Engineer: 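One structure follows; several queries about it will come next.
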Amino acid sequence: MTSIVLSLILMSTNLLHVGQIAEYYFSLHGDQLQMKFVIEKDELFNFEFEGDCDFQKTTSLCLANYINSNFTVKINDEKINLDLGNSYTDNGHLIVYFMAKLKNVEIQNLSIQNQCFYEFDSDYKNRIILNLDQFQKSYLLTREKYSIYLKK
């Protein structure tokens, strides 16, 4: 019942999303960790990304590369490699799914470091929303507080 209520809250949060914040929703599906990333698409195109990736033509791939370079997830002290999944646009928001297969779905500790978008806007915020067994909470990360560590 708790997970149903949390799911409804998480879905309604998407409708309330405002600028200068990206959202990262984590959930487990069997032995798969899923991260759903949400950002306003217009906001994303205001950032001046450097490099070889053409954000206008291959937005999701470029964004996945950027996130993987600036975002680290560790479960049970092991770094998790997030692979790009589906992506689409909904009501002006770019939604990108990432997946990772877990060796052990019993999570003893979780560490997230997020440096995304701070170089473009020092006031930017990243919201981490966890729906992972005993870790059921939302965290607001900033340039000054860009990481969380949780232990069972």
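The shown structure was predicted, so the numbers you read here are calculated from the model rather than taken from an experiment.
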Engineer: Kindly compute the distance separating NZ (Lys152) from CD (Glu106), expressed to the nearest 0.5 Å.
Structural biologist: 4.5 Å
Engineer: Is there side-chain contact between Phe117 and Leu44, with at least one heavy-atom pair below 4.5 Å?
Structural biologist: yes
Engineer: Within a strict 4.5 Å, meaning less than it, do heavy atoms of the Met35 and Ile67 side chains meet?
Structural biologist: yes
Engineer: Measure from the side-chain N and O atoms of Asn114 to the backbone N and O of Cys116, and report whether any donor-acceptor pair falls under 3.5 Å.
Structural biologist: yes
Engineer: Given the rule in the side chain to side chain contact (heavy atoms under 4.5 Å, CB included) test, do Asn131 and Leu28 qualify, once you have shown the distances and angles that lead to the verdict?
Structural biologist: CA-CA 7 Å; Asn131 183 12; Leu28 285 173; over 6 Å; no
Engineer: Quick check on the hydrophobic clustering: are Leu84 and Tyr66 connected, directly or via other members, by side-chain heavy-atom contacts under 4.5 Å?
Structural biologist: yes
Engineer: When the ring planes of Phe49 and Phe55 are compared, do they come out parallel, tilted or perpendicular, using 30° and 60° as the limits?
Structural biologist: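 Parallel.
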Engineer: Once you round to the nearest 0.5 Å, how far does CD of Glu48 lie from CD of Glu119?
Structural biologist: 11.0 Å
Engineer: Check whether any side-chain heavy atom of Phe98 lies under 4.5 Å from a side-chain heavy atom of Leu33, and answer yes or no.
Structural biologist: no
Engineer: Sort and list the pairs that fulfil disulfide (SG to SG under 2.5 Å) and have at least one residue in residues 39-86, not counting sequence neighbours.
Structural biologist: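 Sorted pair list: Cys53-Cys62.
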Engineer: With side chains defined as the heavy atoms from C-beta onward, is the minimum distance between Asp121 and Asn46 less than 4.5 Å?
Structural biologist: no
Engineer: Please round to the nearest 0.5 Å and tell me the distance separating atom CG of Asn65 and atom CG of Asp52.
Structural biologist: 10.5 Å
Engineer: How close do Lys36 and Tyr97 get, counting heavy atoms only, and between which atoms?
Structural biologist: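 Here Lys36 and Tyr97 meet closest at CD-OH, 3.5 Å.
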Engineer: If we ignore hydrogens and angles and just use 3.5 Å, is the side chain of Gln134 paired with the main-chain N or O of Ile107 as donor and acceptor?
Structural biologist: yes
Engineer: Indicate the atoms forming the closest heavy-atom contact of Val105 with Gly30, along with that distance.
Structural biologist: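 Closest heavy-atom pair between Val105 and Gly30: CG1-O, 3.4 Å.
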Engineer: Within a radius of less than 6.0 Å around CG of Asn86, do more than 12 heavy atoms belonging to other residues, nucleotides or ligands occur?
Structural biologist: no
Engineer: Are Leu63 and Phe45 linked, directly or through intermediate hydrophobic residues, by side-chain heavy-atom contacts shorter than 4.5 Å (ILVMFWY only)?
Structural biologist: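 Yes; tracing contacts between hydrophobic side chains, which count when under 4.5 Å, links both residues.
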Engineer: Nearest 0.5 Å, please: how far is CG in Leu82 from OG1 in Thr72?
Structural biologist: 9.5 Å
Engineer: Measuring from Lys101:NZ to Asp31:CG, what's the distance to the nearest 0.5 Å?
Structural biologist: 4.0 Å
Engineer: Under a 4.5 Å side-chain heavy-atom rule over Ile, Leu, Val, Met, Phe, Trp and Tyr, are Leu61 and Phe37 clustered together?
Structural biologist: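 Yes.
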Engineer: Would you mind reporting whether Leu94 and Ser60 have side-chain heavy atoms less than 4.5 Å apart?
Structural biologist: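 Yes, side chains in contact.
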Engineer: Tell me every residue that passes salt bridge (charged side-chain N to carboxylate O under 4.0 Å, His left out) with Asp42, counting only those two or more places apart in sequence or in another chain.
Structural biologist: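 Asp42 satisfies salt bridge (charged side-chain N to carboxylate O under 4.0 Å, His left out) with no other residue.
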Engineer: Taking distance alone, no hydrogens or angles, what donor-acceptor pairs closer than 3.5 Å link side-chain atoms of residues 140-147 to residues at least two apart or in another chain?
Structural biologist:
unit_1: Thr142; atom_1: OG1; unit_2: Glu144; atom_2: N; d: 3.4
unit_1: Thr142; atom_1: OG1; unit_2: Lys145; atom_2: N; d: 3.1
unit_1: Arg143; atom_1: NH1; unit_2: Tyr118; atom_2: O; d: 2.6
unit_1: Lys145; atom_1: NZ; unit_2: Ser147; atom_2: O; d: 3.3

Engineer: Is any side-chain heavy atom of Ile80 closer than 4.5 Å to a side-chain heavy atom of Lys74?
Structural biologist: no
Engineer: Looking only at heavy atoms, what is the nearest atom pair of Asn76 and Gln108, with distance?
Structural biologist: OD1-N, 2.6 Å
Engineer: Could you tell me whether a side-chain N or O of Asp77 sits under 3.5 Å from a main-chain N or O of Asn109, the two making a donor and an acceptor?
Structural biologist: no
Engineer: So how far is it from Thr59 OG1 to Asp54 CG, rounded to the nearest 0.5 Å?
Structural biologist: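 Rounded to the nearest 0.5 Å, the OG1-CG separation comes out at 8.0 Å.
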Engineer: Mind checking whether Leu130 and Ile112 have side chains closer than 4.5 Å, heavy atoms only?
Structural biologist: yes
Engineer: Is Glu43 reaching over with its side chain to a backbone N or O of Gln20, donor-acceptor style, under 3.5 angstrom?
Structural biologist: yes
Engineer: Is any side-chain heavy atom of Tyr139 less than 4.5 Å from a side-chain heavy atom of Tyr24?
Structural biologist: no
Engineer: Hey, any chance Val38 and Tyr88 share a hydrophobic cluster, counting ILVMFWY side chains that come within less than 4.5 Å of each other, even indirectly?
Structural biologist: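 Per the 4.5 Å side-chain linkage, Val38 and Tyr88 are co-clustered.
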Engineer: Less than 6.0 angstrom separating the ring centers of Phe26 and Phe135, yes or no?
Structural biologist: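 Phe26 vs Phe135: aromatic centres not under 6.0 Å.
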Engineer: Does the ring center of Phe47 lie less than 6.0 Å from the ring center of Tyr124?
Structural biologist: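 Centroid distance Phe47-Tyr124: below 6.0 Å, so yes.
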